[in-house]
**Q** 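Got a structure here, written out as C-alpha coordinates. Questions coming.
We name chains A, B, ... by the order of the sequence lines, and we start the count at 1 in each one.
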Protein chains: 2
Amino acid sequence: MKGLENKNFIPNLSFDCVIFGFNGKLLKILVLEYHNTGFFALPGGFIEVDQSIDEAAKKGVKDRTGLDNVFLEQFHVFGEVDRADPEHMRQILIANNDLTEENEWMLDRFNTVGYYALINYEEVTPTPDQFSDSIGWYAIDELPDLMMDHNQIVEKALIVLRNNLSEKLIGMNLLPPKFTMKQLQSVFEAILDQKLRRTTFQRKMLSLDILERHEKLFQGKAHKAPYLYSFK
Amino acid sequence: MKGLENKNFIPNLSFDCVIFGFNGKLLKILVLEYHNTGFFALPGGFIEVDQSIDEAAKKGVKDRTGLDNVFLEQFHVFGEVDRADPEHMRQILIANNDLTEENEWMLDRFNTVGYYALINYEEVTPTPDQFSDSIGWYAIDELPDLMMDHNQIVEKALIVLRNNLSEKLIGMNLLPPKFTMKQLQSVFEAILDQKLRRTTFQRKMLSLDILERHEKLFQGKAHKAPYLYSFK
DNA sequence: GATTATTGTCATAAAGTGAGACAATAATAA
DNA sequence: TTATTATTGTCTCACTTTATGACAATAATC
(Lines give C-alpha, C1' and ligand atoms only; values in the text may rest on other atoms or scores of the structure.)
Protein backbone atom coordinates (compact mmCIF):
# COMPACT_ATOMS: atom_id res chain seq x y z
CA MET A 1 0.00 0.00 0.00
CA LYS A 2 1.39 3.34 -1.01
CA GLY A 3 2.57 5.25 1.96
CA LEU A 4 1.88 2.64 4.59
CA GLU A 5 4.39 -0.06 3.66
CA ASN A 6 7.27 -0.76 6.00
CA LYS A 7 5.58 1.02 8.82
CA ASN A 8 4.51 -0.41 12.14
CA PHE A 9 1.34 1.01 13.55
CA ILE A 10 -0.27 0.72 16.94
CA PRO A 11 -3.37 -1.44 16.50
CA ASN A 12 -6.87 -0.35 17.46
CA LEU A 13 -5.93 3.29 17.74
CA SER A 14 -6.29 6.13 15.26
CA PHE A 15 -6.64 9.88 15.22
CA ASP A 16 -9.11 12.08 13.37
CA CYS A 17 -8.79 15.81 12.80
CA VAL A 18 -11.49 18.43 12.60
CA ILE A 19 -9.62 21.13 10.71
CA PHE A 20 -11.44 24.45 10.97
CA GLY A 21 -10.99 27.27 8.52
CA PHE A 22 -12.74 30.58 8.05
CA ASN A 23 -13.34 32.08 4.63
CA GLY A 24 -14.38 35.49 5.86
CA LYS A 25 -18.01 34.49 6.12
CA LEU A 26 -18.45 30.88 7.14
CA LEU A 27 -16.80 28.41 9.42
CA LYS A 28 -15.68 25.43 7.38
CA ILE A 29 -13.91 22.13 7.88
CA LEU A 30 -11.81 19.92 5.66
CA VAL A 31 -13.47 16.71 4.48
CA LEU A 32 -12.06 13.85 2.39
CA GLU A 33 -13.92 11.78 -0.16
CA TYR A 34 -12.70 8.23 -0.64
CA HIS A 35 -12.07 6.62 -4.02
CA ASN A 36 -15.03 4.92 -5.61
CA THR A 37 -16.96 4.48 -2.40
CA GLY A 38 -18.70 7.81 -1.98
CA PHE A 39 -17.60 7.86 1.65
CA PHE A 40 -16.82 11.19 3.24
CA ALA A 41 -14.54 11.29 6.22
CA LEU A 42 -12.41 13.45 8.43
CA PRO A 43 -8.69 13.51 7.75
CA GLY A 44 -7.06 11.01 10.07
CA GLY A 45 -4.58 8.24 10.32
CA PHE A 46 -2.75 5.74 12.43
CA ILE A 47 0.01 6.10 14.99
CA GLU A 48 3.39 4.57 14.34
CA VAL A 49 4.91 2.55 17.14
CA ASP A 50 7.69 5.08 17.65
CA GLN A 51 5.55 8.17 17.24
CA SER A 52 3.55 10.03 19.86
CA ILE A 53 -0.13 10.53 19.17
CA ASP A 54 0.44 14.29 18.98
CA GLU A 55 3.20 13.81 16.43
CA ALA A 56 0.99 11.60 14.32
CA ALA A 57 -1.82 14.15 14.34
CA LYS A 58 0.57 16.98 13.60
CA LYS A 59 1.93 15.10 10.61
CA GLY A 60 -1.61 14.36 9.48
CA VAL A 61 -2.49 18.04 9.43
CA LYS A 62 0.77 18.89 7.67
CA ASP A 63 0.11 16.30 4.97
CA ARG A 64 -3.43 17.50 4.27
CA THR A 65 -2.84 21.23 4.50
CA GLY A 66 0.85 21.83 3.95
CA LEU A 67 0.86 23.79 7.20
CA ASP A 68 3.28 23.58 10.06
CA ASN A 69 2.95 25.19 13.46
CA VAL A 70 -0.77 25.03 13.52
CA PHE A 71 -3.04 25.33 16.52
CA LEU A 72 -3.84 21.67 17.14
CA GLU A 73 -5.28 20.12 20.26
CA GLN A 74 -6.84 16.82 21.18
CA PHE A 75 -10.34 17.21 22.53
CA HIS A 76 -11.83 13.76 23.10
CA VAL A 77 -11.27 10.04 22.72
CA PHE A 78 -14.03 8.11 21.05
CA GLY A 79 -13.92 4.64 22.52
CA GLU A 80 -17.25 2.98 21.86
CA VAL A 81 -16.87 -0.64 20.81
CA ASP A 82 -18.80 -0.38 17.58
CA ARG A 83 -18.20 3.24 16.66
CA ALA A 84 -16.61 2.16 13.38
CA ASP A 85 -18.26 -0.29 11.02
CA PRO A 86 -15.45 -2.52 9.66
CA GLU A 87 -17.49 -2.92 6.49
CA HIS A 88 -16.74 0.69 5.55
CA MET A 89 -13.03 0.19 5.91
CA ARG A 90 -13.29 -3.05 3.93
CA GLN A 91 -14.93 -1.25 1.04
CA ILE A 92 -12.29 1.44 1.07
CA LEU A 93 -9.51 -1.15 1.01
CA ILE A 94 -11.20 -3.04 -1.80
CA ALA A 95 -11.65 0.16 -3.81
CA ASN A 96 -7.93 0.73 -3.45
CA ASN A 97 -6.90 -2.86 -4.13
CA ASP A 98 -5.45 -2.96 -0.68
CA LEU A 99 -7.48 -5.69 0.98
CA THR A 100 -4.52 -7.91 1.77
CA GLU A 101 -3.87 -10.12 4.73
CA GLU A 102 -1.34 -7.71 6.16
CA ASN A 103 -3.94 -4.95 6.16
CA GLU A 104 -6.56 -6.92 8.03
CA TRP A 105 -5.72 -5.10 11.24
CA MET A 106 -7.47 -2.10 9.76
CA LEU A 107 -10.78 -3.95 9.93
CA ASP A 108 -10.52 -4.35 13.67
CA ARG A 109 -12.13 -2.19 16.30
CA PHE A 110 -10.66 1.31 16.48
CA ASN A 111 -10.57 3.87 19.21
CA THR A 112 -9.83 7.30 17.88
CA VAL A 113 -8.38 10.43 19.38
CA GLY A 114 -10.17 13.52 18.14
CA TYR A 115 -8.09 16.61 17.40
CA TYR A 116 -9.21 20.01 16.28
CA ALA A 117 -7.09 22.47 14.37
CA LEU A 118 -7.59 26.15 13.60
CA ILE A 119 -5.83 27.36 10.50
CA ASN A 120 -5.52 30.34 8.25
CA TYR A 121 -7.78 29.40 5.38
CA GLU A 122 -5.85 31.46 2.85
CA GLU A 123 -2.60 29.61 3.37
CA VAL A 124 -3.91 26.12 2.75
CA THR A 125 -3.51 23.88 -0.25
CA PRO A 126 -5.69 20.89 0.61
CA THR A 127 -4.13 17.60 -0.44
CA PRO A 128 -5.99 14.24 -0.55
CA ASP A 129 -4.46 11.21 1.16
CA GLN A 130 -3.66 7.90 -0.54
CA PHE A 131 -7.18 6.54 -0.14
CA SER A 132 -9.08 9.59 -1.23
CA ASP A 133 -9.53 11.39 -4.48
CA SER A 134 -10.76 14.68 -3.19
CA ILE A 135 -10.52 16.93 -0.23
CA GLY A 136 -12.44 20.12 0.25
CA TRP A 137 -13.90 22.72 2.52
CA TYR A 138 -17.46 22.26 3.74
CA ALA A 139 -19.45 24.82 5.67
CA ILE A 140 -20.13 23.56 9.14
CA ASP A 141 -23.89 23.45 8.62
CA GLU A 142 -23.71 21.89 5.19
CA LEU A 143 -21.63 18.83 5.92
CA PRO A 144 -22.30 15.65 3.98
CA ASP A 145 -23.00 12.43 5.84
CA LEU A 146 -19.63 11.31 7.12
CA MET A 147 -18.42 7.77 7.71
CA MET A 148 -18.67 6.05 11.05
CA ASP A 149 -19.18 8.50 13.90
CA HIS A 150 -17.39 11.37 12.21
CA ASN A 151 -20.42 13.64 12.30
CA GLN A 152 -20.54 13.21 16.06
CA ILE A 153 -16.84 13.92 16.25
CA VAL A 154 -17.44 17.21 14.46
CA GLU A 155 -20.30 18.03 16.81
CA LYS A 156 -18.11 17.46 19.84
CA ALA A 157 -15.27 19.47 18.31
CA LEU A 158 -17.62 22.39 17.78
CA ILE A 159 -18.79 22.27 21.37
CA VAL A 160 -15.23 22.27 22.63
CA LEU A 161 -14.24 25.03 20.23
CA ARG A 162 -17.12 27.21 21.42
CA ASN A 163 -16.23 26.60 25.04
CA ASN A 164 -12.57 27.40 24.51
CA LEU A 165 -13.05 30.35 22.21
CA SER A 166 -13.29 33.13 24.76
CA GLU A 167 -11.36 31.38 27.45
CA LYS A 168 -8.28 30.42 25.50
CA LEU A 169 -8.49 33.18 22.90
CA ILE A 170 -7.77 30.92 19.99
CA GLY A 171 -9.96 32.63 17.42
CA MET A 172 -7.08 34.51 15.87
CA ASN A 173 -5.61 31.26 14.61
CA LEU A 174 -8.28 31.33 11.93
CA LEU A 175 -7.08 34.68 10.58
CA PRO A 176 -4.02 36.02 8.80
CA PRO A 177 -1.31 37.47 11.06
CA LYS A 178 -2.80 40.94 10.66
CA PHE A 179 -6.53 41.44 10.77
CA THR A 180 -9.15 44.07 11.47
CA MET A 181 -11.44 44.14 14.46
CA LYS A 182 -14.34 43.39 12.17
CA GLN A 183 -12.67 40.24 10.87
CA LEU A 184 -12.04 39.08 14.39
CA GLN A 185 -15.64 39.75 15.29
CA SER A 186 -16.79 37.77 12.25
CA VAL A 187 -14.77 34.79 13.44
CA PHE A 188 -16.43 34.90 16.84
CA GLU A 189 -19.85 35.28 15.25
CA ALA A 190 -19.30 32.36 12.90
CA ILE A 191 -18.11 30.05 15.65
CA LEU A 192 -20.69 31.04 18.24
CA ASP A 193 -23.38 31.27 15.57
CA GLN A 194 -24.72 34.54 16.94
CA LYS A 195 -24.43 38.23 16.27
CA LEU A 196 -22.29 40.24 18.63
CA ARG A 197 -22.48 43.90 19.49
CA ARG A 198 -19.74 45.83 17.78
CA THR A 199 -18.87 48.31 20.50
CA THR A 200 -19.02 45.78 23.30
CA PHE A 201 -16.89 43.31 21.37
CA GLN A 202 -14.28 45.93 20.57
CA ARG A 203 -14.10 47.16 24.13
CA LYS A 204 -13.73 43.65 25.48
CA MET A 205 -11.05 42.59 23.03
CA LEU A 206 -9.00 45.72 23.66
CA SER A 207 -9.36 45.38 27.43
CA LEU A 208 -7.92 41.87 27.30
CA ASP A 209 -4.59 43.37 26.32
CA ILE A 210 -3.78 40.62 23.87
CA LEU A 211 -3.89 42.62 20.66
CA GLU A 212 -1.24 44.81 19.20
CA ARG A 213 -2.44 47.72 17.14
CA HIS A 214 -0.50 48.62 14.04
CA GLU A 215 -0.42 52.10 12.61
CA LYS A 216 -0.57 50.74 9.13
CA LEU A 217 -4.22 50.87 8.21
CA PHE A 218 -6.20 48.56 6.03
CA GLN A 219 -7.50 50.58 3.11
CA GLY A 220 -9.56 50.01 -0.01
CA LYS A 221 -13.12 50.47 1.13
CA ALA A 222 -15.28 53.58 0.90
CA HIS A 223 -15.18 54.46 4.54
CA LYS A 224 -12.84 55.17 7.40
CA ALA A 225 -9.94 52.74 7.32
CA PRO A 226 -9.81 50.38 10.29
CA TYR A 227 -6.66 49.59 12.24
CA LEU A 228 -4.93 46.31 11.68
CA TYR A 229 -4.22 44.20 14.72
CA SER A 230 -2.05 41.22 15.45
CA PHE A 231 -1.98 38.80 18.31
CA LYS A 232 0.56 39.89 20.91
CA MET B 1 -2.84 -13.99 36.74
CA LYS B 2 -5.71 -13.46 39.11
CA GLY B 3 -8.41 -11.38 37.52
CA LEU B 4 -6.91 -11.06 34.09
CA GLU B 5 -7.00 -14.64 32.82
CA ASN B 6 -9.31 -15.48 29.97
CA LYS B 7 -9.68 -11.89 29.01
CA ASN B 8 -8.73 -10.23 25.78
CA PHE B 9 -7.43 -6.73 26.09
CA ILE B 10 -6.72 -4.05 23.56
CA PRO B 11 -2.95 -3.71 23.35
CA ASN B 12 -1.08 -0.47 23.92
CA LEU B 13 -4.04 1.25 25.52
CA SER B 14 -4.92 1.72 29.17
CA PHE B 15 -6.86 4.07 31.37
CA ASP B 16 -5.86 5.78 34.59
CA CYS B 17 -8.19 7.44 37.05
CA VAL B 18 -7.63 10.44 39.25
CA ILE B 19 -10.28 9.83 41.88
CA PHE B 20 -10.89 12.96 43.89
CA GLY B 21 -12.40 12.99 47.34
CA PHE B 22 -12.89 15.68 49.95
CA ASN B 23 -12.57 15.02 53.65
CA GLY B 24 -14.06 18.30 54.77
CA LYS B 25 -10.73 20.07 54.73
CA LEU B 26 -8.47 18.81 51.97
CA LEU B 27 -8.80 17.64 48.43
CA LYS B 28 -7.43 14.11 48.17
CA ILE B 29 -6.94 11.42 45.58
CA LEU B 30 -6.77 7.65 45.72
CA VAL B 31 -3.31 6.14 45.21
CA LEU B 32 -2.28 2.50 45.01
CA GLU B 33 0.95 0.99 46.30
CA TYR B 34 2.21 -2.07 44.45
CA HIS B 35 3.41 -5.24 46.14
CA ASN B 36 7.05 -5.35 47.08
CA THR B 37 8.12 -2.67 44.64
CA GLY B 38 7.41 0.53 46.53
CA PHE B 39 5.75 1.93 43.41
CA PHE B 40 2.84 4.27 43.82
CA ALA B 41 0.35 4.63 40.99
CA LEU B 42 -3.06 5.80 39.99
CA PRO B 43 -5.83 3.22 39.81
CA GLY B 44 -6.12 2.11 36.23
CA GLY B 45 -6.44 -0.85 33.95
CA PHE B 46 -6.82 -2.20 30.48
CA ILE B 47 -9.72 -2.21 28.06
CA GLU B 48 -11.30 -5.46 27.02
CA VAL B 49 -11.89 -5.97 23.31
CA ASP B 50 -15.65 -5.88 23.74
CA GLN B 51 -15.73 -3.06 26.25
CA SER B 52 -15.85 0.67 25.60
CA ILE B 53 -13.15 2.78 27.20
CA ASP B 54 -15.78 4.49 29.34
CA GLU B 55 -17.08 1.14 30.55
CA ALA B 56 -13.60 0.01 31.45
CA ALA B 57 -12.95 3.17 33.45
CA LYS B 58 -16.32 2.94 35.15
CA LYS B 59 -15.61 -0.60 36.21
CA GLY B 60 -12.18 0.45 37.42
CA VAL B 61 -13.68 3.07 39.70
CA LYS B 62 -16.32 0.65 40.92
CA ASP B 63 -13.72 -1.97 41.79
CA ARG B 64 -11.53 0.45 43.73
CA THR B 65 -14.24 2.37 45.52
CA GLY B 66 -17.33 0.20 45.54
CA LEU B 67 -19.22 3.12 44.05
CA ASP B 68 -21.59 3.13 41.11
CA ASN B 69 -23.03 6.15 39.36
CA VAL B 70 -20.06 8.32 39.99
CA PHE B 71 -19.13 11.52 38.19
CA LEU B 72 -16.46 10.23 35.81
CA GLU B 73 -15.09 11.94 32.75
CA GLN B 74 -12.12 11.51 30.49
CA PHE B 75 -9.93 14.58 30.36
CA HIS B 76 -6.84 13.79 28.28
CA VAL B 77 -4.99 11.10 26.40
CA PHE B 78 -1.34 10.70 27.24
CA GLY B 79 0.35 9.46 24.12
CA GLU B 80 4.06 10.11 24.43
CA VAL B 81 6.13 7.20 23.18
CA ASP B 82 8.16 6.71 26.33
CA ARG B 83 5.73 7.92 28.95
CA ALA B 84 5.86 4.53 30.65
CA ASP B 85 9.09 2.78 31.49
CA PRO B 86 8.52 -0.94 30.76
CA GLU B 87 11.02 -1.73 33.49
CA HIS B 88 8.50 -0.61 36.12
CA MET B 89 5.83 -2.91 34.78
CA ARG B 90 8.37 -5.73 34.61
CA GLN B 91 9.20 -5.30 38.29
CA ILE B 92 5.55 -5.31 39.21
CA LEU B 93 4.93 -8.50 37.24
CA ILE B 94 7.96 -10.15 38.81
CA ALA B 95 6.84 -9.12 42.30
CA ASN B 96 3.53 -10.82 41.56
CA ASN B 97 5.02 -13.89 39.92
CA ASP B 98 3.22 -12.91 36.75
CA LEU B 99 6.05 -12.36 34.33
CA THR B 100 4.90 -14.98 31.83
CA GLU B 101 5.09 -15.01 28.09
CA GLU B 102 1.40 -14.31 27.75
CA ASN B 103 1.77 -11.17 29.82
CA GLU B 104 4.58 -9.70 27.77
CA TRP B 105 2.17 -7.35 26.03
CA MET B 106 2.05 -5.39 29.25
CA LEU B 107 5.68 -4.41 28.77
CA ASP B 108 4.92 -2.71 25.49
CA ARG B 109 4.34 0.98 24.92
CA PHE B 110 1.08 2.21 26.43
CA ASN B 111 -1.09 5.17 25.64
CA THR B 112 -3.41 5.96 28.45
CA VAL B 113 -6.73 7.74 28.70
CA GLY B 114 -6.91 9.90 31.80
CA TYR B 115 -10.21 10.02 33.69
CA TYR B 116 -11.14 12.03 36.71
CA ALA B 117 -13.82 11.10 39.17
CA LEU B 118 -15.45 13.08 41.96
CA ILE B 119 -16.85 11.00 44.76
CA ASN B 120 -18.36 11.28 48.18
CA TYR B 121 -15.41 10.52 50.43
CA GLU B 122 -17.58 9.15 53.20
CA GLU B 123 -19.13 6.43 51.09
CA VAL B 124 -15.93 4.86 49.89
CA THR B 125 -14.26 1.68 50.96
CA PRO B 126 -10.98 1.74 49.06
CA THR B 127 -10.02 -1.68 47.73
CA PRO B 128 -6.58 -2.53 46.31
CA ASP B 129 -6.32 -4.24 42.94
CA GLN B 130 -4.63 -7.57 42.29
CA PHE B 131 -1.18 -6.04 41.95
CA SER B 132 -1.27 -3.75 44.92
CA ASP B 133 -1.29 -4.26 48.63
CA SER B 134 -2.57 -0.91 49.68
CA ILE B 135 -4.72 1.91 48.51
CA GLY B 136 -5.22 5.16 50.29
CA TRP B 137 -6.12 8.81 50.22
CA TYR B 138 -3.37 11.34 49.71
CA ALA B 139 -3.77 15.08 49.98
CA ILE B 140 -3.26 16.68 46.63
CA ASP B 141 -0.18 18.59 47.75
CA GLU B 142 1.37 15.69 49.61
CA LEU B 143 1.42 13.07 46.90
CA PRO B 144 4.25 10.55 46.84
CA ASP B 145 6.32 10.13 43.69
CA LEU B 146 4.09 8.17 41.37
CA MET B 147 5.15 5.73 38.64
CA MET B 148 5.63 6.73 35.04
CA ASP B 149 3.96 10.04 34.24
CA HIS B 150 1.22 9.68 36.84
CA ASN B 151 2.20 12.86 38.65
CA GLN B 152 1.73 14.77 35.41
CA ILE B 153 -1.60 13.07 34.89
CA VAL B 154 -2.71 14.34 38.29
CA GLU B 155 -1.49 17.85 37.44
CA LYS B 156 -3.50 17.86 34.25
CA ALA B 157 -6.57 16.48 36.00
CA LEU B 158 -6.37 19.28 38.54
CA ILE B 159 -6.20 21.91 35.83
CA VAL B 160 -9.22 20.46 34.07
CA LEU B 161 -11.12 20.11 37.33
CA ARG B 162 -10.46 23.76 38.19
CA ASN B 163 -11.59 24.87 34.75
CA ASN B 164 -14.76 22.82 34.87
CA LEU B 165 -15.67 23.51 38.47
CA SER B 166 -17.76 26.64 38.02
CA GLU B 167 -18.80 25.95 34.48
CA LYS B 168 -20.13 22.45 34.92
CA LEU B 169 -21.07 22.75 38.58
CA ILE B 170 -19.60 19.42 39.54
CA GLY B 171 -18.37 20.33 43.00
CA MET B 172 -21.36 18.81 44.72
CA ASN B 173 -20.26 15.36 43.61
CA LEU B 174 -17.65 15.53 46.34
CA LEU B 175 -20.25 15.98 49.07
CA PRO B 176 -22.99 13.90 50.66
CA PRO B 177 -26.48 14.31 49.16
CA LYS B 178 -27.30 16.99 51.71
CA PHE B 179 -24.76 19.59 52.65
CA THR B 180 -24.46 23.09 54.05
CA MET B 181 -23.45 26.15 52.11
CA LYS B 182 -20.24 26.26 54.09
CA GLN B 183 -19.36 22.72 53.06
CA LEU B 184 -19.95 23.58 49.45
CA GLN B 185 -17.81 26.66 49.77
CA SER B 186 -15.04 24.58 51.36
CA VAL B 187 -15.07 22.28 48.33
CA PHE B 188 -14.64 25.21 45.99
CA GLU B 189 -11.90 26.66 48.13
CA ALA B 190 -10.02 23.37 48.31
CA ILE B 191 -10.17 22.82 44.57
CA LEU B 192 -9.36 26.37 43.55
CA ASP B 193 -6.85 26.69 46.36
CA GLN B 194 -8.09 30.12 47.32
CA LYS B 195 -10.39 31.72 49.86
CA LEU B 196 -13.79 32.84 48.61
CA ARG B 197 -16.03 35.53 50.00
CA ARG B 198 -18.90 34.02 51.93
CA THR B 199 -21.71 36.36 50.93
CA THR B 200 -20.72 36.49 47.28
CA PHE B 201 -20.42 32.73 47.08
CA GLN B 202 -23.79 32.20 48.72
CA ARG B 203 -25.54 34.71 46.50
CA LYS B 204 -24.02 33.21 43.38
CA MET B 205 -24.88 29.64 44.26
CA LEU B 206 -28.45 30.53 45.10
CA SER B 207 -28.87 32.60 41.94
CA LEU B 208 -27.84 29.63 39.79
CA ASP B 209 -31.05 27.92 40.79
CA ILE B 210 -29.43 24.51 41.09
CA LEU B 211 -29.80 24.01 44.82
CA GLU B 212 -32.79 22.87 46.73
CA ARG B 213 -33.11 24.17 50.25
CA HIS B 214 -34.41 21.81 52.91
CA GLU B 215 -36.19 23.00 55.99
CA LYS B 216 -34.45 20.42 58.08
CA LEU B 217 -31.51 22.24 59.56
CA PHE B 218 -28.10 20.95 60.41
CA GLN B 219 -27.61 21.34 64.12
CA GLY B 220 -24.93 20.57 66.68
CA LYS B 221 -22.77 23.64 66.73
CA ALA B 222 -22.90 26.60 69.07
CA HIS B 223 -24.37 29.03 66.60
CA LYS B 224 -27.24 29.55 64.24
CA ALA B 225 -28.02 26.34 62.39
CA PRO B 226 -27.44 26.50 58.64
CA TYR B 227 -29.85 25.16 56.07
CA LEU B 228 -29.10 21.92 54.33
CA TYR B 229 -29.10 21.91 50.56
CA SER B 230 -29.17 19.26 47.90
CA PHE B 231 -28.42 19.38 44.21
CA LYS B 232 -31.64 19.85 42.22
C1' DG C 1 -30.45 34.42 80.72
C1' DA C 2 -26.14 36.26 78.72
C1' DT C 3 -22.34 34.92 75.59
C1' DT C 4 -20.27 33.12 71.42
C1' DA C 5 -19.74 31.80 66.81
C1' DT C 6 -21.76 31.50 62.58
C1' DT C 7 -25.60 32.11 59.43
C1' DG C 8 -29.00 34.51 56.21
C1' DT C 9 -29.88 38.77 54.27
C1' DC C 10 -29.59 43.45 53.16
C1' DA C 11 -27.19 48.09 51.83
C1' DT C 12 -23.96 50.47 49.45
C1' DA C 13 -19.96 50.91 46.42
C1' DA C 14 -17.39 49.38 42.51
C1' DA C 15 -16.86 47.13 38.24
C1' DG C 16 -18.63 45.30 34.01
C1' DT C 17 -22.02 45.13 30.07
C1' DG C 18 -25.78 46.74 26.85
C1' DA C 19 -27.30 50.08 23.74
C1' DG C 20 -27.05 54.07 21.36
C1' DA C 21 -24.86 58.66 19.82
C1' DC C 22 -21.45 61.04 17.30
C1' DA C 23 -17.38 62.68 15.17
C1' DA C 24 -13.63 60.91 11.99
C1' DT C 25 -12.43 59.41 7.47
C1' DA C 26 -11.35 56.64 2.85
C1' DA C 27 -13.43 55.98 -1.28
C1' DT C 28 -16.95 57.35 -4.51
C1' DA C 29 -20.23 60.37 -6.74
C1' DA C 30 -21.49 64.86 -8.06
C1' DT D 1 -13.09 70.19 -5.56
C1' DT D 2 -16.68 69.10 -2.64
C1' DA D 3 -20.58 66.42 -0.93
C1' DT D 4 -22.03 61.73 0.06
C1' DT D 5 -21.74 57.14 1.96
C1' DA D 6 -20.44 53.47 4.81
C1' DT D 7 -17.91 52.08 8.49
C1' DT D 8 -14.79 52.90 12.33
C1' DG D 9 -13.15 54.49 17.01
C1' DT D 10 -14.71 56.38 21.07
C1' DC D 11 -17.75 58.22 24.46
C1' DT D 12 -21.97 58.35 27.42
C1' DC D 13 -25.62 56.77 30.10
C1' DA D 14 -28.46 53.10 31.91
C1' DC D 15 -28.50 48.73 33.65
C1' DT D 16 -26.62 44.46 35.68
C1' DT D 17 -23.43 42.02 38.22
C1' DT D 18 -19.96 41.64 41.81
C1' DA D 19 -17.37 43.19 46.00
C1' DT D 20 -17.47 44.47 50.66
C1' DG D 21 -19.20 45.40 54.88
C1' DA D 22 -23.12 45.67 58.28
C1' DC D 23 -26.52 43.58 61.08
C1' DA D 24 -30.07 40.89 63.02
C1' DA D 25 -31.14 35.85 63.94
C1' DT D 26 -30.12 31.79 66.54
C1' DA D 27 -28.22 26.98 68.52
C1' DA D 28 -25.26 25.61 71.83
C1' DT D 29 -22.53 26.78 75.84
C1' DC D 30 -21.37 29.36 79.97
**Q** Would you check, one step at a time, whether the test side chain to side chain contact (heavy atoms under 4.5 Å, CB included) holds for A:Phe15 with B:Val77?
**A** CA-CA 11 Å; A:Phe15 67 90; B:Val77 187; over 6 Å; no
**Q** Only one of A:Thr180, A:Leu206, A:Leu175 forms a side chain to side chain contact (heavy atoms under 4.5 Å, CB included) with A:Tyr229, so which one is it?
**A**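 Going through A:Thr180, A:Leu206, A:Leu175 one by one, the side chain to side chain contact (heavy atoms under 4.5 Å, CB included) with A:Tyr229 is satisfied by A:Leu206 alone.
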**Q** With rounding to the nearest 0.5 Å, note down the distance linking NE2 in B:His76 to CD in B:Gln152.
**A** 10.0 Å
**Q** Taking atom NZ of A:Lys58 as the centre, does the number of heavy atoms from other residues, nucleotides or ligands within less than 6.0 Å exceed 12?
**A**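 No.
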**Q** Would a 4.5 Å heavy-atom cut-off, applied to side chains only, mark B:Trp137 and B:Val124 as touching?
**A**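 The answer is yes, as the side chains (C-beta and beyond) meet within the 4.5 Å cut-off.
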**Q** If you take any heavy atom closer than 4.0 Å to DNA chain D, which residues from residues 181-212 of chain A end up in contact?
**A** A:Lys182, A:Arg198, A:Thr199, A:Gln202
**Q** So B:Leu158 and B:Phe20, do their side chains get closer than 4.5 Å, heavy atoms only?
**A**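 Yes, their side chains come closer than 4.5 Å.
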**Q** Kindly indicate whether the side chain of A:Ile170, heavy atoms from C-beta on, has any atom under 4.5 Å from the side chain of A:Glu73.
**A**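 Not in contact.
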**Q** Taking A:Arg64 for its side chain and A:Pro128 for its backbone only, find out whether a donor-acceptor pair lies under 3.5 Å.
**A** yes
**Q** Quick one: does A:Leu161's side chain get under 4.5 Å of A:Phe75's, heavy atoms only?
**A** no
**Q** Between B:Pro226 and A:Ala222, just flag the one whose closest nucleotide in DNA chain C comes earlier from the 5' side.
**A**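 The residue whose closest nucleotide sits nearer the 5' end is B:Pro226.
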**Q** Out of A:Gln183, A:Glu189, A:Lys182, which residue meets the side chain to side chain donor-acceptor pair (under 3.5 Å) rule with A:Gln185?
**A**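 Checked A:Gln183, A:Glu189, A:Lys182 against A:Gln185; only one passes side chain to side chain donor-acceptor pair (under 3.5 Å): A:Glu189.
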**Q** Whenever both distances are under 3.5 Å in a Watson-Crick or G-U wobble pair, mark it; put DNA chain C into dot-bracket that way, with [ ] for crossing pairs and | when the partner is on another strand.
**A** ||||||||||||||||||||||||||||||
**Q** Where does the chain A footprint on DNA chain D start and end, counting 5' to 3' with a 4.0 Å heavy-atom cut-off?
**A** D:dT5 to D:dT10
